[in-house]
Amino acid sequence: MESGMGKELASGSAGGPAGGPAGRPSGGPGSAKGWALVGAVAGCAVLGGVLMVAPPERDGPPPAPGPVARAETAVGAGAPASLPDLVALIGDREAHLRAHPGDVRSWAVLGAAYAERGERTGEARFYPKAEKALRTSLRAKPKKNVEALDGLAALANARHDFRAARKWGEASVAASPKRWTAYPALIDAYRGLGEFKAADKALARLVRLPKGAAAPRARVLTRAALVYRDQGLREDAAAALSDAVALASAPAERADCLVGAGELAWERGEPAESLRAFEAAVRADPDGHAALAGQGRALAALGRTSEAVRAYRAASEKRALPRYAWELGELYESLGLGDEARAQYDVVRERVREGAAGGVNTDLVAGLFEADHGDPKAAVRLLRDEWERHPSAAVADALGWALHRAGQHEDALVFATKATDKEHVGAVRSAPYAYHRGMIERQSKLEGPARRHLEEALRISPYFSPLGVPAAKEALGALGPV
């Protein structure tokens, strides 16, 4: 066994550095009772805006934890860790496992750290290393190895394999139902699958865990915010994130909460408020790529395009996500800079290939990108497969748009309706989804519904896309008054 583990380490390390409204289900986290439970979590810890902590001992407070301890605590809690701390943890666990290859827990910690590093940097090459380490741990201890199961669930979410994430998350909960760490990844998996009721129930179970097993308050509140957002309860989501920011125990975690607040403000069509949240996130964690990309989005909406370009480029340097190059390319295109736009679109395709090589499911982003900037028929093929795997609102919207761009307008409207009608997949009010549906309806000669949905898109956010907003306005002009 030990020699096999040693081989895994050598292989895996090669090349790597050392309150909701009335009428909701009683007691659920979105119900009055459930929101009160979540709100009480924050209220117990924050009084008058001051974080209440136990006084230090007479001999002074204990020394602050070092980078390895900080990263291990964050990774074990499913919380963001700073990149330097992650590098330190990975180097520490690699060295330890060379000397002690039978340490099952350290294999799980190393795998989770690799997965988090891949997530933080966008370097998909870390995901196969993470999988090797986590499976090594699970093979050595196949029963009740909840740390390995939690790590595999987080890894599957990072790869956008939400079915696998659900499998591992549910296995972890079954093995230890009162251990809170499995629930955040399981909630993310349910959301990725469009299973909003299951996500709501998992949140309710997380909130109601016994006091001794309770999750850190900020982690509960960030997941609550995501669930509420999916249900259309943006005010509840914003309140949860506000409390989470106050309760976050580390800069990277605080930045994560602020990014969530910025994204909510962006979805509401409030770029100035969104920018303030993203700027605060960058101050909390300068390595935060999502905050930099959010800055780019907000700055472009505010007409500060030179600053927006710099922010997008900084985000891309920290994490090579296809989405960042795509958004920068569309900003260039909106400014009439065709050559620069095409160069960014080439980067998108390269990053999609790199992600796929690391086991990342890139079909959603690749399909939607190809629908707008490449081969719509290829996009339809990708997205039909993705719909079979992950029938969420995001995939329904993308598939509907790809079908429209491929000239299959009747089928397109079926999926655009799934993405936007509450009874199908949720209550998210999305400007891009409404825009796509309106454009499809216009092509289908449904002038009244087309006008209604295009106006809705601009009402939700007059800034949702540097290319989509002018197209929506032009289409409305062509439709004429009612």
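No hydrogens, no waters, no symmetry mates; every other heavy atom, side chains included, goes into these values. Remember, it's a predicted structure, so these values are computed and weren't measured experimentally.
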Candidate pair E370 and R349, rule salt bridge (charged side-chain N to carboxylate O under 4.0 Å, His left out), full reasoning = CA-CA 9 Å; E370 287 298 325; R349 294 186 176 94; 3.0 Å; yes
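Not counting sequence neighbours, the partners of E119 by the salt bridge (Lys or Arg N to Asp or Glu O under 4.0 Å) test are R319. Remark: H453 pairs with no residue by the ring-ring contact (aromatic ring centres under 6.0 Å, His included) rule, at least two apart or across chains.
R117 and E123 are not joined by a salt bridge, as no carboxylate oxygen comes within less than 4.0 angstrom of a charged side-chain nitrogen. Using a cutoff of 4.0 Å between basic side-chain nitrogens and carboxylate oxygens, R219 and E253 are scored as salt-bridged. Salt-bridge check for E441 with R451: failed, with every basic side-chain N at 4.0 Å or more from each acidic carboxylate O. Using a cut-off of 4.0 Å between Lys/Arg side-chain N and Asp/Glu carboxylate O, E456 and R437 are scored as not salt-bridged. We find that E350 and R353 are joined by a salt bridge, their nearest charged nitrogen and carboxylate oxygen being less than 4.0 Å apart. The pair D236-R229 fails the salt-bridge criterion, with no side-chain N (NZ, NE, NH1 or NH2) lying under 4.0 Å from an Asp/Glu carboxylate O. The pair R120-D285 counts as a salt bridge, with a side-chain nitrogen and a carboxylate oxygen less than 4.0 angstrom apart.
At a cut-off of 3.5 Å, with distance as the only test, a side-chain donor of N145 or S137 sits close to an acceptor on the other residue.
Classified by interplanar angle (parallel below 30°, tilted 30° to 60°, perpendicular above 60°), the ring pair Y435/W401 is tilted.
Applying the salt bridge (Lys or Arg N to Asp or Glu O under 4.0 Å) test to pairs two or more places apart or on separate chains, those with a residue in residues 389-401 are D363-R389, E386-R389.
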